[in-house]
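Residue numbering restarts at 1 for every chain, and letters A, B, ... go by the order of the sequence lines. Computed from a predicted model, the values in this text were never measured in an experiment.
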2 protein chains.
Amino acid sequence: MDKEISQAVIARLPRYFRYLGELKDSGVERISSQELSRLMHVTASQIRQDFNNFGGFGQQGYGYNVEYLYTEIGKILGLDKKHHLIIIGAGNLGQALANYMNFERRGFIFTGVFDINEKLHGKMIRGMKVRPMEEMQEFVRENNIDIAVLTIPKEGAAAAAEKLVGMGIKAIWNFAHVDLDVPDSVQVENVHLSDSLIKLSYMINQYENELEEKEKNASGEA
Amino acid sequence: MDKEISQAVIARLPRYFRYLGELKDSGVERISSQELSRLMHVTASQIRQDFNNFGGFGQQGYGYNVEYLYTEIGKILGLDKKHHLIIIGAGNLGQALANYMNFERRGFIFTGVFDINEKLHGKMIRGMKVRPMEEMQEFVRENNIDIAVLTIPKEGAAAAAEKLVGMGIKAIWNFAHVDLDVPDSVQVENVHLSDSLIKLSYMINQYENELEEKEKNASGEA
DNA sequence: TAGATTGTTAATCGATTAACAATC
DNA sequence: TAGATTGTTAATCGATTAACAATC
């Protein structure tokens with residue numbers, strides 16, 4: 001059995017993939033862990049360790065072939081496969097994601113939008129008409145939907161998630177501000193925007209407190 | 001000098017704050033680390049360690065007073081202070097965040113929106129008219145803006161960030177798909193939505209590979 | 001071949017968990 | 001007082017960094 005890959009490594013993979021994509025696009029053919037280290041502001045040692053979780057992609061004395069590494073990491077990330085995706089909740093955020101995310105670029109196929117609000121039914125969002133929630137089950141089955149993007153208020157999120165689990169969905173990209181309780185067979189990635197903004201508030205506060213302390217110390221020494 | 005708080009702890013604080021807020025709202029007066037542990041699916045030991053980074057908020061034999069702890073964590077997070085915030089980029093995502101985020105609830109005061117696109121100038125978004133980028137500098141100074149929400153394409157993000165730094169902004173909530181290079185005095189919180197979705201793709205892939213392996217092993221043993 | 005750089009083992013560092021004395 | 005539960009120290013675990021032999 002393969003060794004378990006740590007969450008820390010997994011969280012770093014998309015960033016490697018992004019940098020390698022940019023290097024590839026700008027025509028860079030090869031790169032050493034040290035060069036990549038300088039570019040990404042992480043240690044060369046960590047880069048080599050991370051890659052070696054998945055096998056040896058480099059060559060001693062040469063470094064890594066950018067295009068090859070990019071492709072391999074893409075495969076590790078499952079980006080060589082197509083994923084069919086629906087959006088649950090056609091409000092501000094749901095609409096924005098549909099229009100903004102450029103899903104198709106990475107093999108995510110935007111297939112439908114659902115909302116409980118009757119007034120939205122039939123409205124077109126990125127070429128798809130908004131459907132009532134009642135049609136979801138049939139739709140998911142018929143269109144082989146893998147991923148549900150949950151952009152509804154937190155009150156309805158748990159119930160929606162349970163329904164989705166029952167339909168055999170593989171993953172939920174959760175923007176609702178609750179932690180969903182689903183079986184291990186269903187993958188959940190949370191995007192808790194409020195938590196992220198609150199963290200920013202903490203960092204501002206922290207920095208200002210440190211400044212104050214420094215000033216106090218400086219005046220004390222003077 | 002106080003001991004440095006680890007990133008891991010900081011990242012957990014908003015979640016504690018959220019759970020405590022919900023407990024408070026549902027009228028719970030006190031909670032032990034063990035009860036909270038069961039609720040949040042983290043160890044009681046970690047909860048106590050995390051809180052004790054900031055001082056003793058509990059009482060032996062009793063546990064934690066929910067309202068008090070909620071208030072104290074709020075202060076640690078800087079949520080007792082008001083933060084003035086502008087959105088740079090009035091596209092899909094910028095508009096959605098303005099309408100969806102409920103900034104005021106946590107003391108973030110939505111003060112203005114800016115965009116390079118002339119067609120959007122004057123359009124009203126959540127009660128604020130979209131302004132041209134040229135007015136930004138004066139606006140930031142006059143309105144004491146603390147936080148800029150960056151919802152523009154990645155091409156313009158670095159330049160915008162540099163301008164904002166020059167204006168003395170305190171923090172950037174960055175939705176552009178690049179890693180910004182700013183001085184330590186400016187806090188950056190990245191929300192890389194594509195990275196998040198790619199991580200979900202990895203998790204789906206990983207789970208399916210594991211399943212396959214298990215089946216293979218099972219048939220081998222049979 | 002000599003130089004460069006990986007892959008990998010070992011050392012260090014930090015974060016999490018366990019244990020328990022302090023104390024409400 | 002006895003029971004409960006914190007605050008905190010110690011033990012464990014895991015992740016990061018350093019070092020270097022393998023090898024292109």
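The CD-P distance, from A:Gln7 to C:dA15, rounds to 17 Å in whole Å. Rounded to whole Å, the distance from CD1 on A:Ile47 to P on C:dG7 is 12 Å. In this structure, the CG atom of B:Asn52 is 16 Å from the C1' atom of C:dA15, given to the nearest Å. The CZ-P distance, from A:Phe54 to C:dG7, rounds to 14 Å in whole Å. The CD atom of B:Gln60 sits 13 Å away from the C1' atom of D:dG3 (whole-angstrom rounding). For B:Phe57 and C:dT23, the CZ to P distance is 19 Å, given to the nearest whole Å. If you take OH of B:Tyr64 and C1' of D:dG7, they are 8 Å apart, rounded to a whole angstrom. Nucleotide D:dT8 holds its P atom 11 Å from the CG atom of B:Asn53, rounded to whole Å.
Counting only heavy atoms from C-beta outward, the side chains of A:Ile31 and A:Tyr19 never approach each other to under 4.5 Å. At a threshold of 4.5 Å between non-hydrogen side-chain atoms, the residues A:Leu20 and A:Tyr64 do not count as touching. Residues A:Tyr16 and A:Met40 meet the side-chain proximity criterion, which asks for heavy atoms closer than 4.5 Å.
Of the candidates C:dG7, D:dC24, C:dA18, C:dA18 carries the atom nearest the B:Ser45 side chain, counting heavy atoms from C-beta on. Candidate nucleotides D:dT6, C:dT16, D:dT17 were compared by shortest atom distance to the side chain of B:Ala8, and C:dT16 ranks first. Listed nucleotides D:dC20, D:dT6, C:dA19 differ in distance to A:Arg48; the shortest reach to its side chain belongs to D:dC20. In the set D:dT16, C:dA19, C:dT16, C:dT16 carries the atom at the smallest distance from any side-chain atom of B:Gln46.
Note on B:Lys81 versus B:Asp146: no salt bridge recorded, every NZ/NE/NH1/NH2 to OD/OE distance being 4.0 Å or above.
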Name the pairs: protein N/O against N/O of nucleotides 9-14 of chain C, kept only if under 3.5 Å.
unit_1	atom_1	unit_2	atom_2	d
C:dT9	O4	A:Gln49	NE2	2.7

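Remark: the backbone N or O of B:Asp184 is paired with a side-chain donor or acceptor of B:Gln187 at under 3.5 angstrom. Looking only at distances, a side-chain donor or acceptor of A:Asn53 sits under 3.5 Å from a matching main-chain atom of A:Asp50. Remark: the backbone N or O of A:Lys24 is not paired with any side-chain donor or acceptor of A:Glu67 at under 3.5 angstrom. Judged purely by atom type and a 3.5 angstrom limit, A:Glu189 has no side-chain atom pairing as donor or acceptor with the backbone of A:Trp173. For the pair B:Gln46 (side chain) and B:Thr43 (backbone), a donor-acceptor distance under 3.5 Å is absent. A donor-acceptor distance shorter than 3.5 angstrom exists from the side chain of A:Asn174 to the backbone of A:Val178, with no hydrogens or angles considered. In this structure a side-chain-to-backbone donor-acceptor pair under 3.5 Å is present from A:Ser201 to B:Leu77.
Heavy-atom nearest nucleotides on DNA chain D were determined for B:Gln59 and for A:Arg12, and the one closer to the 5' end corresponds to B:Gln59.
The residue A:Phe51 sits apart from the nucleic acid: no heavy atom pair falls under 4.0 Å.
Shown for residues 29-40 of chain A: residues whose heavy atoms fall under 4.0 angstrom of DNA chain C, namely A:Ser32, A:Ser33.
The aromatic rings of A:His83 and A:Phe108 lie parallel to each other, their planes meeting at an angle below 30°, with 60° marking the opposite boundary.
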Self-check item: Watson-Crick and G-U pairing of DNA chain D, under 3.5 Å, as dot-bracket with | and [ ]
Solution: ..||||||||||||||||||||||
